[in-house]
Structures are given as C-alpha cells and as structure tokens.
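These notes concern the structure reproduced below.
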Amino acid sequence: MLEKYYQGLMDDPRDVRVDLHMHSNASDGTWSPEELVRHVKEAGIRIFALTDHNTVAYVSRTAALAKTQGLFFIPGVEIDSIHAGYTYHILGLGIDVENSSLQLLLKDQEEKMAMRDKKAIAYLTSRYPQVSAEDYDRYEDDRRRGGWKSLNYCIDKGLCTDYKEFFALFPEDSPLSEPPGFHPADEVIAIIKKAGGYAVLAHPGTGFYNPDYRAVLHDMLKMGIQGVECYHIENSEEVTRYTRAFCMEHGLLITGGSDCHGSFVAKRRLGNPDVRLSDLVL
C-alpha cells in the first residue's frame, strides 16, 4: 500500500513514526491543514493520513502542504456506517477523493448528519426556552472550535460544556438515540474500494460498537474489510493482540493512529499510541 508514498524514505524505514488517523476542522477537529501539518512535523511523524469524518474537503490542501515539508501523506476519510443496529467507522486509506461514487456517498452522509442535528435542536426547543429552530438556523459555527454545529450552539446557549454533556441532554428515546440513516457497512466498504482505497475498521475496541468485537471482525471480514486499526487509544491490550493475530491470519492490513482532533478531545494526541512502521502491515 505505502510503496508510492515512501520510496526513498531513508536507509531503515522501520523506525519511522506513523499516524494514520487524525482530523482537521473540516470535520470535528480544531486544526486547519496548515496547523495540522505543522503539528505532525513537530511530533516527528513522517507518514500520516488525514481521515476527516464523512468529508475529504481538506485532503488535497493537506497533501500539498505535506509535500513541502517532506512528509509522506496518505489521502483518507472516516465514514460512518451501520451494521446489525450498531454504528461503525470505516477508514478509507489511499482513496481517490475525486471518485464520483465516494463523493455522492459523502454528500448524502453530510445531509443526514445536518438533518439529525436539526432534529436534535427541535427536541430541545420544548425543554429549553433559549433554544429555537430559527435561532439555530441563523447560528454561525466557528469550525476552529472543533466539534459540530449543534454541539457548539448548545455550549453557547449554556446547556452543556463539552460533547459528553451534550449527549447527556438526550435520553434513549431522543433523536440522537437512533443512527441517522447511515449507509450499510458493506456498501461503504465497496465504495471505498471503488475509489481505489483500502477499507479499514477503525478502533474496534471503542465503546459504541457491538462489545463482541470478535464477532464484529468476522462480520466485517465477510463484508470485504481489508484491514483493522489495531493500534488506537480505545483498544485494550487484549483487543490489540487479538486484532493483530486476526489480521495476520486473514492477510489484512494492520494500521494504527491517534484519532487526534486537535484540542477538541484532549486525551487524543498525535503519535499516541506511538506507532512505528515496523508495527504495521501496509
């Protein structure tokens, strides 16, 4: 996968720091492409991917900046999907961002997320007098804050202070309790492949997936997944060990990344976990 990105990298590339999962303020991160590339370089990371949620808006810009800094960049995206009642995040690495099928999918995802936000605000209007649909429509979100429009609106209205408190505003029968009509995981995987990319299951140890991650891996394998993000802050040591063995057994890519969102999610910092090229199968 990586040959075209790091040809002539150095005498021994195995010790190169790699981070294949991070976000800019094109989605819910706080950094512009310029800031992101600067932080990547300062962290000593030589190979990285930008994987914004359901958008590739800053991929080309980041690629150009990475080239000027001698960094090896992989175009990517992180796409929400649905399988058996659970939401799953699928990374697309090495994608063609101009692919028409991918562009249509991401446009649909963006529209569904915007509609979900509007439903969430409508739910809050009957409970908080300072909230209204008209006021929300007029609200201009500052993408440098990270997060998303409805979250920042609620913070500014004094309803919450962070994303955890935001989700606590909505009980199980609220608009946020149901996935907003995301595409099935097998369809997302197929479209990533059609766009020339590699479909990778992100953070299999995260709390909002089916907790039986072993069953999830087998389901994803049947749907054509090509790799697993074995190294991630939300993966336990057990999850990392099992997913690595699973990937080796089935000939899948082994990837890793910080899932850094700039300052939006404080515990997710570039290069954490510390992943080296020798840890991965790419």
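Counted within 6.0 Å of NZ on K112, heavy atoms from surrounding residues, nucleotides or ligands total more than 12; the atom is thus considered enclosed. Within a 6.0 Å sphere centred on NZ of K193, heavy atoms belonging to other residues, nucleotides or ligands number more than 12.
Contact between V59 and G76 at its shortest, heavy atoms only, is CG2-O, 3.6 Å. Counting all heavy atoms, side chain and backbone alike, I189 lies closest to G224 at CG2-O, 3.6 Å. The minimum heavy-atom distance linking Y86 with N210 is given by the pair CD2-N, 3.3 Å. Between C154 and I121, the shortest heavy-atom contact is SG-CD1, 4.2 Å. Of all the heavy atoms in D19 and S258, the pair that sits closest is OD2-OG, 2.7 Å. A pairwise comparison of heavy atoms in V40 and M22 identifies CG2-SD, 3.8 Å as the closest pair.
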(request) List the steps and the verdict of side chain to side chain donor-acceptor pair (under 3.5 Å) for Y213 and N235. (result) CA-CA 10 Å; Y213 67 89; N235 291 349; over 6 Å; no

(request) Please test E42 against L270 for side chain to side chain contact (heavy atoms under 4.5 Å, CB included), starting from the C-alpha separation and ending with a verdict. (result) CA-CA 10 Å; E42 289 174 351; L270 285 179; over 6 Å; no

(message) Is there a side chain to side chain donor-acceptor pair (under 3.5 Å) between N152 and D142? Walk through the geometry before answering.
(response) CA-CA 8 Å; N152 290 330; D142 182 357; over 6 Å; no

(request) Would you sort out whether R38 and Q69 count as a side chain to side chain contact (heavy atoms under 4.5 Å, CB included), showing the intermediate values? (result) CA-CA 9 Å; R38 174 169 57 83; Q69 297 300 312; over 6 Å; no

(request) Using the side chain to side chain donor-acceptor pair (under 3.5 Å) rule, take H23 and E78 through it: C-alpha gap first, then chi angles, then the decisive distance, then the call. (result) CA-CA 9 Å; H23 302 274; E78 184 174 16; 3.1 Å; yes

(request) Before giving the answer on side chain to side chain contact (heavy atoms under 4.5 Å, CB included), spell out for M223 and H83 the whole-Å C-alpha distance, their side-chain angles and the decisive distance to 0.1 Å. (result) CA-CA 10 Å; M223 289 186 278; H83 175 64; 3.9 Å; yes

(request) Decide yes or no on side chain to side chain contact (heavy atoms under 4.5 Å, CB included) for I155 and R145, but give the supporting numbers first. (result) CA-CA 11 Å; I155 290 174; R145 297 170 61 177; 3.7 Å; yes

(request) Carefully, step by step, assess T87 and D80 under the rule side chain to side chain donor-acceptor pair (under 3.5 Å). (result) CA-CA 7 Å; T87 297; D80 295 81; 5.9 Å; no

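Taking the ring centroids of F208 and H89, they lie under the 6.0 Å cut-off.
No salt bridge links D279 with R276; every basic N to acidic carboxylate O contact stays at or beyond 4.0 Å. Using a 4.0 Å cut-off between charged nitrogen and carboxylate oxygen, E111 and K107 count as a salt-bridge pair.
Judged as a ring pair (Phe, Tyr, Trp, His ring centres under 6.0 Å), and not counting sequence neighbours, the contacts of Y209 are Y88, H203. Partners of F246 under the ring pair (Phe, Tyr, Trp, His ring centres under 6.0 Å) rule, at least two apart in sequence or in another chain, are H218, H250.
The side-chain heavy atoms of N54 and I79, taken from C-beta on, include a pair separated by under 4.5 Å. With a 4.5 Å cut-off on side-chain heavy atoms, Y198 and T255 do not count as touching. Two residues are said to be in side-chain contact when any heavy atoms from C-beta on lie closer than 4.5 Å; L106 and T55 fail this criterion. Side chains of W31 and V37 form no contact here, defined as non-hydrogen atoms less than 4.5 Å apart. Within the 4.5 Å cutoff, side-chain heavy atoms of S24 are placed close to those of L50. Counting heavy atoms from C-beta outward, V239 and E234 have side chains that stay 4.5 Å or more apart. Between R268 and H21 the shortest side-chain heavy-atom distance does not fall below 4.5 Å. Taking the side chain as every heavy atom from C-beta outward, D28 and V265 never approach each other to under 4.5 Å.
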Distance-only donor-acceptor pairs under 3.5 Å for side chains of residues 91-100, two or more places apart:
from : atom 1 : to   : atom 2 : distance (Å)
D96  : OD1    : E98  : N      : 3.0
N99  : OD1    : S101 : N      : 3.1
N99  : OD1    : L102 : N      : 3.0
N99  : ND2    : K194 : O      : 3.4

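Here the CG-CD1 distance, from L20 to I47, works out to 7.5 Å after rounding to the nearest 0.5 Å. Here E229 contributes atom CD and C247 contributes atom SG; the two are 11.0 Å apart, rounded to the nearest 0.5 Å. Note: L65 CG to S60 OG = 11.0 Å, rounded to the nearest 0.5 Å. Put simply, CZ on R17 and CG on D274 are 4.5 Å apart, with the number rounded to the nearest 0.5 Å. To the nearest 0.5 angstrom, L124 atom CG is 4.0 Å from F170 atom CZ. With rounding to the nearest 0.5 angstrom, the OH atom of Y128 is 5.0 Å from the CG atom of L169.
Residues I82 and M115 are members of separate hydrophobic clusters, defined by side-chain heavy-atom contacts under 4.5 angstrom among Ile, Leu, Val, Met, Phe, Trp and Tyr. L221 and I192 fall within the same hydrophobic cluster, where Ile, Leu, Val, Met, Phe, Trp and Tyr residues are linked whenever their side-chain heavy atoms come under 4.5 Å apart, directly or through other members. Tracing side-chain contacts under 4.5 Å through hydrophobic residues (I, L, V, M, F, W, Y), one reaches V200 starting from L277; they form part of the same cluster. Hydrophobic cluster membership differs between L104 and V56, with clusters built from Ile, Leu, Val, Met, Phe, Trp and Tyr side chains linked at under 4.5 angstrom.
A tilted orientation is assigned to the rings of F167 and W148, their planes being inclined by 30° to 60°. The aromatic rings of Y163 and F264 lie tilted to each other, with the angle between the two planes from 30° to 60°. Note on ring orientation: taking the six-membered ring where Trp is involved, the planes of Y136 and Y153 are perpendicular (angle over 60°, cut-offs 30° and 60°).
Within the 3.5 Å criterion, the main-chain N or O of D141 finds no donor-acceptor partner in the side chain of K149. Put simply, the side chain of S150 never gets that close to the backbone of D117: no donor and acceptor are under 3.5 Å apart.
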